[in-house]
Amino acid sequence: MFAVIVNTIAIIAGVSIGLLLRRGIPERLTNAIMEALGLCTVLIGIQGAVGEQNILLLIVAIVVGVAVGEGWDWDGRVNRFTEHITSRFATGEGEGARIANAFVTSCLIMNVGAMVIVGSLNAGLDGDYTILYTKSLLDFCSGIIMGAAMGIGVMGSAGFTLVFQGAIVLLAEALAPLFSPELITEISTTGSLLILAIGLNMLHITELKVINYLPALVVVPVLLWFIHLAGF
């Protein structure tokens with residue numbers, strides 16, 4: 001949970017700075033910072049993925065996972081859901097509606113994505129906080145930008161992050177004793193590949209729909225169970 005608390009504090013700090021600056025941040029500076037963090041995210045993804053011991057399992061998990069994600073259009077459904085939620089608040093009038101819109105928008109931006117899921121699972125299953133610490137830096141920068149642009153409502157996303165990410169980490173910690181070290185490693189390396197994809201998107205090298213790859217994290221234990229059952 002410590003990494004989740006760090007993430008929460010990073011959001012509070014970022015939004016506080018953004019409220020002080022209020023649109024005084026050059027766009028080229030924010031773009032440069034986000035690209036630099038994207039480069040670091042690529043490195044983290046590579047470091048995690050190179051530990052893969054069963055490359056065929058990884059390939060099959062990714063292929064089956066993305067087939068499921070594309071078939072059910074996870075990315076499209078998530079995007080339509082977020083647009084629907086934010087549009088309901090954006091149509092309101094007055095300061096209350098603006099605060100609500102800022103809160104909902106920032107919560108969705110900071111907590112809907114593969115990095116949240118993979119980072120929280122890594123923290124709970126393997127005690128690896130690297131991805132959540134990286135996300136903390138990203139949310140710090142995002143908090144500055146959104147705080148300056150949308151106001152005090154963004155601060156509420158800190159509390160949502162604490163509850164949402166904390167719940168995933170605690171669930172993963174509860175399940176960890178039931179998972180074999182091999183399974184935890186496979187989930188971690190598969191997740192690292194998704195983190196690599198996020199980094200490439202941040203660098204504008206690719207436009208991968210990473211949310212559609214998330215089913216691969218569920219496919220991994222199924223495949224591993226089948227391999228052991230078949231005696232391979």
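Note that the numbering runs from 1 along the sequence shown for the chain.
Residues Gly124 and Ala176 come closest through the heavy atom pair O-CB, 4.0 Å. Scanning both residues, Val169 and Met1, for their nearest heavy atoms gives CG1-N, 4.2 Å. Taking every heavy atom of both residues into account, Val210 and Ala114 meet most closely at CG1-CB, 3.5 Å. Minimum interatomic distance between Ile11 and Ser157 (heavy atoms only, all atoms of both residues): CG2-OG, 3.6 Å. Taking all atoms of both residues into account, the shortest heavy-atom contact from Ala197 to Thr206 is O-OG1, 4.2 Å. Ala61 and Ala216 make their closest contact through O-CB, 3.3 Å (heavy atoms, listed as atom of the first residue, atom of the second, distance).
Atom OG of Ser136 sits about 11.0 Å away from atom CD1 of Ile5, to the nearest 0.5 Å. Of the inter-residue distances, the one linking Trp74 atom CH2 with Lys209 atom NZ reads 15.0 Å to the nearest 0.5 angstrom. Summarising the geometry, atom CD1 belonging to Ile152 is positioned 5.0 Å from atom CG belonging to Leu19; distances are rounded to the nearest 0.5 Å. Atom CG of Leu196 and atom CD of Gln47 lie 11.5 Å apart (nearest 0.5 Å). Atom CD1 of Ile12 is separated from atom CD1 of Ile17 by 12.5 Å, given to the nearest 0.5 angstrom. With rounding to the nearest 0.5 angstrom, the CD1 atom of Ile44 is 9.0 Å from the CG atom of Asp128.
Contact of the Thr130 side chain with the Asn122 side chain is not registered, since no non-hydrogen atoms from C-beta on lie closer than 4.5 Å. Within the 4.5 Å cutoff, side-chain heavy atoms of Met202 are placed close to those of Leu138. Counting heavy atoms from C-beta outward, His204 and Glu35 have side chains that approach closer than 4.5 Å. Taking the side chain as every heavy atom from C-beta outward, Leu37 and Thr134 never approach each other to under 4.5 Å. Residues Asn7 and Tyr133 fail the side-chain proximity criterion, which asks for heavy atoms closer than 4.5 Å. Contact check for Arg80 versus Asp73: side-chain heavy atoms found under the 4.5 Å cut-off. The shortest side-chain heavy-atom distance between Leu58 and Val220 does not fall under the 4.5 Å cut-off. For the pair Met146 and Val15, the minimum side-chain heavy-atom distance is 4.5 Å or more.
Follow the hydrophobic side-chain contacts under 4.5 Å out from Ile187 and you never reach Tyr129; the two are in separate clusters. Side-chain heavy atoms closer than 4.5 Å link hydrophobic residues (I, L, V, M, F, W, Y) into clusters, and following such links, even through other members, never connects Leu170 to Ile131.
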- side-chain contact (heavy atoms from CB on, under 4.5 Å) between Thr190 and Tyr213, worked out: CA-CA 10 Å; Thr190 303; Tyr213 287 71; over 6 Å; no

- Item | Step-by-step side-chain contact (heavy atoms from CB on, under 4.5 Å) determination, Thr185 to Asp126 | CA-CA 8 Å; Thr185 298; Asp126 201 25; over 6 Å; no

- Message: With side-chain contact (heavy atoms from CB on, under 4.5 Å) as the criterion, how do Met110 and Ser142 come out once you've worked through the C-alpha distance, each side chain's angles and the decisive distance to 0.1 Å?
- Response: CA-CA 8 Å; Met110 294 180 180; Ser142 299; 4.2 Å; yes

- Task: List the steps and the verdict of side-chain contact (heavy atoms from CB on, under 4.5 Å) for Leu132 and Ser120.
- Result: CA-CA 7 Å; Leu132 284 187; Ser120 299; 4.1 Å; yes

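Under 4.0 Å is where a charged nitrogen must lie from a carboxylate oxygen, and between Asp139 and Lys135 at least one such pair does.
Between the side chains of Thr161 and Asn111, at least one donor-acceptor pair of N or O atoms lies under 3.5 Å.
Of the options Asp75, Asn201, Ile198, a side-chain contact (heavy atoms from CB on, under 4.5 Å) to Leu208 is made by Asn201 and by none of the others.
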